[in-house]
Amino acid sequence: MNKYKTELMVGVFVVLTIGAILLLALKVANQTMSSAGDTYSLYAKFDNIGGLKVRSAVKVGGVTIGRVSDIHLDKDDYTPVVTLNISTDYEGFPDTSSVSILTSGLLGEQYVGFQPGFSFDGVEDLKNGDYLQDTKSALVLEDLIGQFLFNRGGSDD
Amino acid sequence: MSFLQQVGANTIARIAAVGRAGLMLSGALFAAPKLKNVSLTVRQVYVVGVQSLLIIVVSGLFIGMVMALQGYTILVDYGAEGSLGPMVSLSLLRELGPVVTALLFAGRAGSALTAEIGLMKATEQLSSLEMMAVDPLRRVVAPRFWAGIISMPSLALIFSAVGILGGHLVGVDWLGVDSGSYWSIMQSTVEWQKDVMNGVIKSLVFALVVTWIAIFKGYDSIPTSEGISKATTETVVFSSLAVLGLDFVLTALMFGIE
Amino acid sequence: MGNLVEIENMMFRRGERVIYDGVSFVVPKGKITAVMGPSGIGKTTLLKLIGGQLAPDEGDIRFDGSSIVSMNRSELYQTRRRMSMLFQSGALFTDMTVHDNVAFPLKEHTKLSDDIIDTIVALKLQAVGLRGASNMMPSELSGGMARRAALARSIALDPDLIMYDEPFAGQDPISMGVLVKLIRQLNDALDVTSIVVTHDVTEVLTIADYIYILADKRIIGEGTADEIRNSDSALVQQFLKGEADGPVPFHYPAGDLADSLFGEKS
């Protein structure tokens, strides 16, 4: 067998393997997703975050504007604090904006729905490090069912 | 009595075979390596790795495409077709990549290794190496073993990558899932350490087992045409069973216990 | 002149079956010693025992004074560089050309430059008359040519001992004549010791200096070619003349035919 051809093909094999690793590293398991651009952080306190995870998307009307970068519990009042990394392409949301935890489809991923508020005089823009005041927690199916049954029981009286 | 005796004899024979296999492997691996063996290993990477590339790429592509098609029809009922990306990529990275690659490798390269070494034994090439004061374990077994260990994880990675591209082809280009969500939901779900690296570890274990079985079966074969054909069959059967069994154990260890 | 190989009271068993029982013989230096015997007697096994690939159950095998049986692995590998074996099939490496096959032991065991190796290979191939075939693959060679190529490979390192395993089996008269001539020539020209294991009586009687005949787990006759021809042992005479029946029975040991045909089925 031709030694040159053997070595060439093994070289091609190695290149293909590296290509596969790069594809898997950059496109499939991307750690630093789209943070190629600069981001700024906003914080939001929720009563219940449901199944929200780090790296879940933050969307405005379906358009992804950022990712959840951190989730931790506030040490003073024991409520979850979610850190949102928003792309600097989308700056100047008004202070009155609200966030809620939504689910894509019936069984899909949970994500943070971002609702830009109305902007009028006296309302400031959200800046890096600000807390979002108006938050709506994740819908937890068990709670909903419990509430529904409780209400039914009440109306029977 | 004769039944019990047979069970005993079989057990002893099996244990003796495992012992011989261990001796063969340690003889091959702990022999002082020579620089010359690197080029022998490169040559074997060509034989077991590069020549398996076509079947791996084609299988990976089709398995990715089929999974996208099947997954889409199920997920679309729940409006969750955006989760197609993670479904395809996680199945490939965690399970199908390492397992299917190992099974194909056993059929394509493992059987060839067994037959090659068995025929080298039958045609007295191994004996003749020994008489030339060249250790066949180092000269014949070690390069093939290392080539298997190098090739299989590489093939598994290529398999997964091609499969994910195949899933994209069907899911996005054909069925109309949004390309952005295919990738971005995949990216938010797949973890490098947990999914990709665990798949590579699985693949390394399978490579060890399949290559070891294949080489040992050839090395230990009865040097007749019947003996070699039996050894080749056993390579494929034993390595497939070992891969599937080990896969369960590894999956339980890696993902079963949170 | 001393003896290169000495076998003393050697016993070898394969599983339950005893192959050799109390075999002793010596191979003098610089001579061609032939070991003859019917097929299936384990003549190849004998060569593997001398080469240390198998170990006897009892007795001792000595090569140039040192015991092969008690050698450790590295000593054995050192000793094997001084011997070489021509296998029945030739055992050429099928993935290399004839040239690379002959160069193989040189590349493994010496640090000679490629130029010198090429020269040595050309000389060795010239000696067996195959210099023109150096770029052919083993699969393209005829049986006789393959054996000659293997012979070139086994003399590549200028060994002290060459063992021939059935060198004449399945050869046409011409290649047989060539091989007989080569074995004699190499033995005289290189001053090596040769052991030829074979069942081809006529060829071996023409070249061997001393002959042992193996049968029934032991040596049944020995001597020079003339002594063997004139031996009065019935076994030796049966072997030389190729008679179908005699002391070595035509039938493999079995029960009475009438019993097995008409007797009780067991």
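Lettering follows sequence order; numbering is per chain, from 1.
We find the CG-CH2 distance between A:L26 and B:W192 to be 8.5 Å, quoted to the nearest 0.5 Å. Atom CG of A:L16 and atom CD1 of B:I56 lie 12.5 Å apart (nearest 0.5 Å).
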Q: List the steps and the verdict of side-chain contact (heavy atoms from CB on, under 4.5 Å) for B:L165 and A:L23.
A: CA-CA 10 Å; B:L165 291 177; A:L23 180 89; 4.3 Å; yes
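Neither the backbone nor the side chain of B:L75 comes within less than 4.5 Å of any heavy atom of chain A. For a residue to count as touching a neighbouring chain, one of its non-hydrogen atoms must lie under 4.5 Å from one of that chain's; by this rule B:V196 touches chain A with the side chain only.
Environment of NZ in A:K59: crowded, with over 12 heavy atoms of neighbouring residues, nucleotides or ligands closer than 6.0 Å. The environment of OH in A:Y131 is crowded: more than 12 heavy-atom neighbours from other residues, nucleotides or ligands sit within 6.0 Å. Environment of CD in B:Q70: sparse, with no more than 12 heavy atoms of neighbouring residues, nucleotides or ligands closer than 6.0 Å. The neighbour count for A:D47 CG, taken as heavy atoms of other residues, nucleotides or ligands under 6.0 Å away, does not exceed 12. By the 6.0 Å contact criterion, CD on A:Q115 is open, its count of non-hydrogen atoms from other residues, nucleotides or ligands being 12 or less.
Within residues 145-164 of chain B, the residues having any heavy atom less than 4.5 Å from a heavy atom of chain A are, in residue-number order, B:S151, B:S154, B:L155, B:L157, B:I158, B:A161, B:I164.
Taking 4.5 Å as the limit, every side-chain heavy atom of A:V12 sits out of range of all side-chain heavy atoms of B:V50. For the pair B:Y46 and A:K5, the minimum side-chain heavy-atom distance is below 4.5 Å.
Under the rule for a salt bridge (charged side-chain N to carboxylate O under 4.0 Å, His left out), the partners of B:R139 that lie at least two apart in sequence or sit in another chain are C:E108.
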